[in-house]
Number of protein chains: 2
Amino acid sequence: MLIATWNVNSIRTRLDQVTTWLESHPLDLLCLQETKVSDEEFPRKPFSQLGYHLYLSGQKSYNGVALVSREPLTEVSCGFAPVLGEQGGLDDQKRLITGLLRGVRVVNLYVPNGGSGSEKYEYKLHWLHTLGKYVKSILAEAVCLCGDFNVAPEDRDIHDPVAYAGHVMATVPERQALGALMALGLKDPFREFTPESGHYTWWDYRAGSFRRNRGWRIDHFYLSSHLVPKQCWIDPSVRELPRPSDHVPVLLEL
Amino acid sequence: MLIATWNVNSIRTRLDQVTTWLESHPLDLLCLQETKVSDEEFPRKPFSQLGYHLYLSGQKSYNGVALVSREPLTEVSCGFAPVLGEQGGLDDQKRLITGLLRGVRVVNLYVPNGGSGSEKYEYKLHWLHTLGKYVKSILAEAVCLCGDFNVAPEDRDIHDPVAYAGHVMATVPERQALGALMALGLKDPFREFTPESGHYTWWDYRAGSFRRNRGWRIDHFYLSSHLVPKQCWIDPSVRELPRPSDHVPVLLEL
DNA sequence: GAGGTTGCTG
DNA sequence: CAGCAACCTC
C-alpha cells in the first residue's frame with residue numbers, strides 16, 4: 001500500500017502539478033494539506049477522472065486538508081471533536097481529517113505554523129497537546145499519522161541547526177510535544193531507512209533556499225507499532241517545477 | 001518608417017510578450033498605453049538592450065504611456081499643459097506623451113474609458129474636446145496621432161453595432177468629438193486600406209469575446225494631410241498567447 | 001517570495 | 001476576466 005503526504009499550498013494553484021504527479025505515482029492514498037479552498041470550490045473533477053475518491057475538510061484562504069483515495073474510505077471524520085468532544089473552537093481551523101483504509105486509521109494533519117507572535121505559538125503547542133490526547137484515544141487501531149507537522153524533530157532535520165536553534169519549528173516545547181506522541185508508541189518510518197541529515201521536505205520561497213538546500217524536514221509519517229514500513233522517502237523533484245509548492249511530497253509504502 | 005501602437009495593460013505583466021514581439025517586428029517607434037507603472041519602476045533594461053530609447057509618462061496602477069524609439073526623439077513632452085497651459089488637473093492622469101521623429105510629431109494617447117458612471121463619461125468627453133484644442137494648436141507640423149481612443153468611430157468598427165448602439169465607446173457625443181478631430185484634417189489610415197467590418201483591436205476578457213471575434217476597433221492612427229500612409233494593419237496574433245493584453249497592436253508604415 | 005483576501009478599474 | 005493596491009499568512 002502506497003501513501004503520500006503533501007502540503008500543496010493551494011490546491012487550485014497546484015492542481016496540474018498534483019494531478020500530473022498522481023498520474024505517475026500509483027498511490028492508494030494522497031493526504032493533502034493547505035488546500036486553501038472551501039469544499040464547494042474544491043476542484044473535484046480532475047481527481048474523480050483519475051479514479052480517486054475525495055474527502056474534504058476545507059475553508060477559504062487558509063488551512064484545509066483532504067484525503068484522495070483510490071478505494072472508498074470508511075469512518076471518515078474531521079477535527080478533534082468526533083473523538084474528544086468539542087475542544088473550544090479548536091476545530092474552527094480545518095486541520096485534521098481521518099479515514100479508515102484497509103484497517104489502517106490514517107490521520108492527515110496540518111499543524112499550526114506557530115510563527116510571528118506568542119499567541120500563535122501557544123495555539124500551536126495547545127493544538128499539539130490536544131493531538132496527543134486524540135492519538136491516545138485511537139491507539140487501539142493501527143494508526144498512520146501524517147502531514148505537515150511544522151516541527152523539525154531533531155537537529156539533523158534542519159540544514160543549519162546552530163543558526164536555527166530555538167527557532168519556531170525547532171523549540172524545545174514543540175519537540176517535547178512531538179516526543180510525547182512518539183512516547184505513545186509511534187515511530188518515524190523515514191528515520192528507519194535514512195538516518196543522515198540533508199533530507200528536507202520544506203524550503204522557504206525566499207533567498208534561493210531550495211537551490212542552496214537550506215531546508216527543513218517538517219512533513220512526517222508516524223506509525224503505531226501495528227504497522228511495518230517497507231519504504232519511506234521524499235520526492236524533492238516537484239520543487240524544481242515552475243511555481244512549486246514550498247513543500248514536497250513524502251511517500252510511505254506499507 | 002514603421003510605427004506601432006499597443007495598449008499592453010501593464011508593461012510589467014506583458015514585458016516578455018512586448019519584447020518578443022518587438023524583436024520580430026523592425027519598428028522605428030512603439031507607442032504603449034496602460035503601462036500601469038511609475039517611471040522609476042518601468043523595466044528599462046529589456047528595451048535598452050534591444051537598442052531602443054524610452055520616453056515615459058507613467059503612474060502607478062492606472063494609465064501610463066510610453067514611447068519606445070529606435071532613434072532618439074526630440075521635443076518630447078507629456079500632457080496637455082506644454083501646448084495649452086495648465087488644464088485644471090487634466091494632466092494628473094498620465095495619458096499623453098509626444099515626441100518628434102524625423103519631422104513627424106507623434107502623439108501617443110490613452111483616452112479615458114468613460115464607462116460605469118456619468119462622471120467618468122463627462123471626463124472622457126472633456127478630455128476629447130481638450131485633445132481637439134491640442135491638435136489644432138500643433139497642426140502646422142506633420143502630426144501622427146495614435147493610441148487607445150476608447151471610441152469605435154463607426155458601426156463597422158463594432159462586431160454587433162445594433163446590440164451596442166449607444167453603448168459607451170459608440171455614443172454620438174464620443175463619435176462627434178472624434179469627428180471634430182477628423183474635421184481638422186486628420187485621416188484614419190486603417191480605413192484607407194481596409195473598408196470592411198470584422199477588424200478589431202480590443203476584445204473584452206470576459207465571455208470568450210476573442211474566440212467569437214466579438215471585438216471593437218478602438219485603437220487608431222490619425223494622420224495630418226502632410227503624411228501619406230503606405231500600409232496600416234492590425235496584428236491580432238498576440239491575443240492568442242497565454243495571458244494576453246485585451247488589446248492588440250496596430251501598425252503603420254509611413 | 002508566494003499563496004490567499006477584498007475592493008477598484010476596465 | 002484580468003490588471004492594480006493593500007493586507008494577511010507562512
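Just so we're on the same page: letters track the sequence lines, and every chain starts at 1.
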**Asked** Looking at A/Trp216 versus A/His167, is the centre-to-centre ring distance below 6.0 Å?
**Response** yes

A/Arg214 meets the salt bridge (Lys or Arg N to Asp or Glu O under 4.0 Å) criterion, sequence neighbours left out, with none

To the nearest angstrom, the NE2-C1' distance between B/His167 and C/dG10 comes to 11 Å

Side chain of B/Thr201, backbone of B/Ile218: donor and acceptor closer than 3.5 Å?
-> yes

Per-nt protein contacts along nucleotides 3-10 of chain D (heavy atom under 4.0 Å; B base, S backbone sugar-phosphate only, - none) come out as SSSS-BSS

Tested for side-chain hydrogen bond (donor to acceptor under 3.5 Å, both in side chains) against B/Gln33, the lone hit among B/Asn150, B/Asn7, B/Asn108 is B/Asn108

Between NZ of B/Lys124 and C1' of C/dG10 the distance, given in whole Å, is 11 Å

B/Asn7 atom CG is separated from D/dA2 atom C1', nearest whole Å, by 12 Å

From CD1 of B/Ile218 across to C1' of C/dG10 the rounded distance in Å is 10 Å

From CZ of B/Phe210 across to C1' of D/dA2 the rounded distance in Å is 16 Å

B/Gln59 atom CD is separated from C/dG10 atom P, nearest whole Å, by 10 Å

Determine the interplanar angle of the B/Tyr222 and B/His220 rings, folded into 0 to 90°, and report it as parallel if under 30°, tilted if 30 to 60°, perpendicular if over 60°. tilted

Centroid separation A/Tyr134 to A/Phe80 less than 6.0 Å
yes

